[in-house]
Amino acid sequence: MSVNKMKIGAVTVCAAVLALGAAVPTIAQSSYEEEVNRLLNLTQNIANSRGFSSSHARYNGQLRNSEERTVTLDLNSGTSYMMIAQCDRDCSDIDMWLYDENGNLIDEDVLVDDTPIVEVTPIRSARFSLRTRMITCSVEPCYYGVGVYAQR
C-alpha cells in the first residue's frame, strides 16, 4: 500500500498504542477514501434532484493505471438506472462500460474525465456487468467509487 495514500498519523498512533500494550483503535479511512465518499455523496444529491435514489450498495476500491474491475448488478425491467463513478484527486480519467447478460455493450462513458456516467432502462430484469477501468492515475493506486441510482 502506498504511503502517499495513508494517514501517517493514524499508523503512528496505532504503533504507540501497541507498544504500550493497549487495545488497537480502528484505523480511520484514508483521506483519499473520504474524498471519494464525499464526491459520491454530492453525486447522490444530484441524482436525487433528478428523481433518482440509491438502489445498490456503493462499490469502492483502488485501481492502478489500466487496471479494471467488473461488478454484477441485478437490474429490474422498466426502471431507469444511472451509474456514476468518482475517483480521488490523483485520478484524471476513469471509464465505465455497461453490458447486458449476453455480453452486449449497452452504454459506455470513455470521455477523458474523472466522472463517468452510464445509463440504462432494461426491457427485462437481468444481471448486468459494470466494468470500470482506471485510465490515468498520477499517484498509484487511485481510489474510486461507483454509485448506482434508480428512478422508479
Side-chain angles (χ1 to χ4, degrees), residues 1-11 14 25-152:
M1 194 173 323
S2 172
V3 173
N4 293 330
K5 300 281 181 158
M6 295 298 299
K7 284 187 175 176
I8 302 300
V11 174
C14 286
T26 303
I27 296 176
Q29 285 183 318
S30 79
S31 62
Y32 289 85
E33 289 172 293
E34 292 169 358
E35 175 185 0
V36 169
N37 281 323
R38 276 193 307 276
L39 291 169
L40 285 172
N41 288 340
L42 292 171
T43 299
Q44 184 166 343
N45 291 340
I46 293 167
N48 290 346
S49 72
R50 292 182 51 195
F52 286 81
S53 59
S54 181
S55 61
H56 294 71
R58 289 178 177 173
Y59 299 93
N60 294 295
Q62 302 173 33
L63 293 171
R64 296 182 176 282
N65 280 322
S66 301
E67 262 191 331
E68 59 183 50
R69 296 282 186 280
T70 300
V71 296
T72 57
L73 302 167
D74 291 322
L75 304 180
N76 299 317
S77 66
T79 301
S80 295
Y81 293 91
M82 178 171 44
M83 297 81 167
I84 305 174
Q86 296 283 346
C87 55
D88 71 36
R89 69 192 80 131
D90 295 325
C91 158
S92 59
D93 191 13
I94 186 169
D95 293 340
M96 287 195 311
W97 297 263
L98 182 67
Y99 300 92
D100 69 11
E101 74 277 15
N102 297 313
N104 298 308
L105 180 64
I106 302 301
D107 195 12
E108 65 182 348
D109 185 332
V110 294
L111 298 173
V112 179
D113 67 354
D114 58 0
T115 307
I117 300 171
V118 295
E119 298 181 73
V120 65
T121 303
I123 57 173
R124 64 188 169 284
S125 296
R127 180 162 287 169
F128 288 73
S129 296
L130 181 66
R131 183 169 52 119
T132 306
R133 179 184 293 160
M134 184 63 60
I135 304 300
T136 307
C137 174
S138 61
V139 180
E140 296 180 310
C142 280
Y143 287 84
Y144 78 100
V146 179
V148 182
Y149 310 98
Q151 187 177 48
R152 297 176 184 162

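Just so we're clear, the structure is a prediction, and the values are computed from it rather than from any experiment.
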*Residue pair L63 / T132: nearest heavy atoms and the distance that separates them*: CD1-O, 4.0 Å
*asked:* side chain to side chain contact (heavy atoms under 4.5 Å, CB included), that's the test. Do L40 and N60 meet it? Break it down for me.
replied: CA-CA 10 Å; L40 285 172; N60 294 295; 3.8 Å; yes
_N/O donor-acceptor pair under 3.5 Å between D109 side chain and M96 backbone_ = no
_Check: Q86 side chain, G147 main-chain N or O, donor-acceptor pair, under 3.5 Å_ = no
*Test salt bridge (charged side-chain N to carboxylate O under 4.0 Å, His left out) applied to R89 - qualifying residues, sequence neighbours left out*: E35
_For M134 versus C87, what's the shortest heavy-atom pair and its separation?_
CE-CB, 4.5 Å
*Nearest non-hydrogen partners of I106 and F128, listed with the distance*: CG1-CE2, 4.1 Å
*Sub-3.5 Å donor-acceptor pair from the side chain of Y144 to the main-chain atoms of D114, do we have one?*
no
*asked:* With rounding to the nearest 0.5 angstrom, report the CH2 to CD distance, W97 to E108.
replied: 7.5 Å
*Please answer whether the main-chain N or O of I135 pairs with a side-chain N or O of D93 as donor and acceptor at a distance below 3.5 Å.*
no
*Pairwise distance OG(S30) to CG(D88) - rounded to 0.5 angstrom*: 8.0 Å
*Check side-chain hydrogen bond (donor to acceptor under 3.5 Å, both in side chains) between T72 and all other residues, then give those that pass, not counting sequence neighbours.*
none
*Could you tell me whether the side chain of R124 reaches within less than 4.5 Å of the side chain of E101, counting heavy atoms only?*
yes
*Would the SG atoms of C137 and C91 measure under 2.5 Å apart?*
no
*Is a donor on one side and an acceptor on the other found under 3.5 Å between the side chain of H56 and the backbone of D74?*
yes
*Examine distances only and state if a side-chain atom of S125 and a backbone atom of S77 form a donor-acceptor pair shorter than 3.5 Å.*
yes
*Checking D90 side chain against C142 main chain: does a donor-acceptor pair fall under 3.5 Å?*
no
*Is the side chain of Q44 donor-acceptor paired with the backbone N or O of S54 at a distance under 3.5 Å, no angle test?*
no
*For the residue pair R50 and M82, what are the closest heavy atoms and their distance?*
NH1-SD, 3.7 Å
_Please report the interatomic distance CD(E140) to CZ(R64), rounded to the nearest 0.5 Å._
5.5 Å
_Do Y59 and L73 make a side-chain contact, defined as non-hydrogen atoms from C-beta onward lying under 4.5 Å apart?_
yes
*List the atom of D100, the atom of N102, and the distance in Å for their closest heavy-atom pair.*
OD1-N, 2.9 Å
*Looking at S80 and F52, what are the two nearest heavy atoms and their distance?*
O-CE2, 3.6 Å
*Starting at CZ of R58, measure out to CD1 of I84 and round the result to the nearest 0.5 Å.*
11.0 Å
*Just do the side chain to side chain contact (heavy atoms under 4.5 Å, CB included) check on L75 and M83 with the steps written out, would you?*
CA-CA 12 Å; L75 304 180; M83 297 81 167; 3.8 Å; yes
*In Å, rounded to the nearest 0.5 Å, how long is the span from OG1 of T43 to CG of N48?*
10.5 Å
*Does V71 reach the side chain of V146, with side-chain heavy atoms less than 4.5 Å apart?*
no
_Spacing of D95 atom CG and D113 atom CG [to the nearest 0.5 Å]_ = 7.5 Å
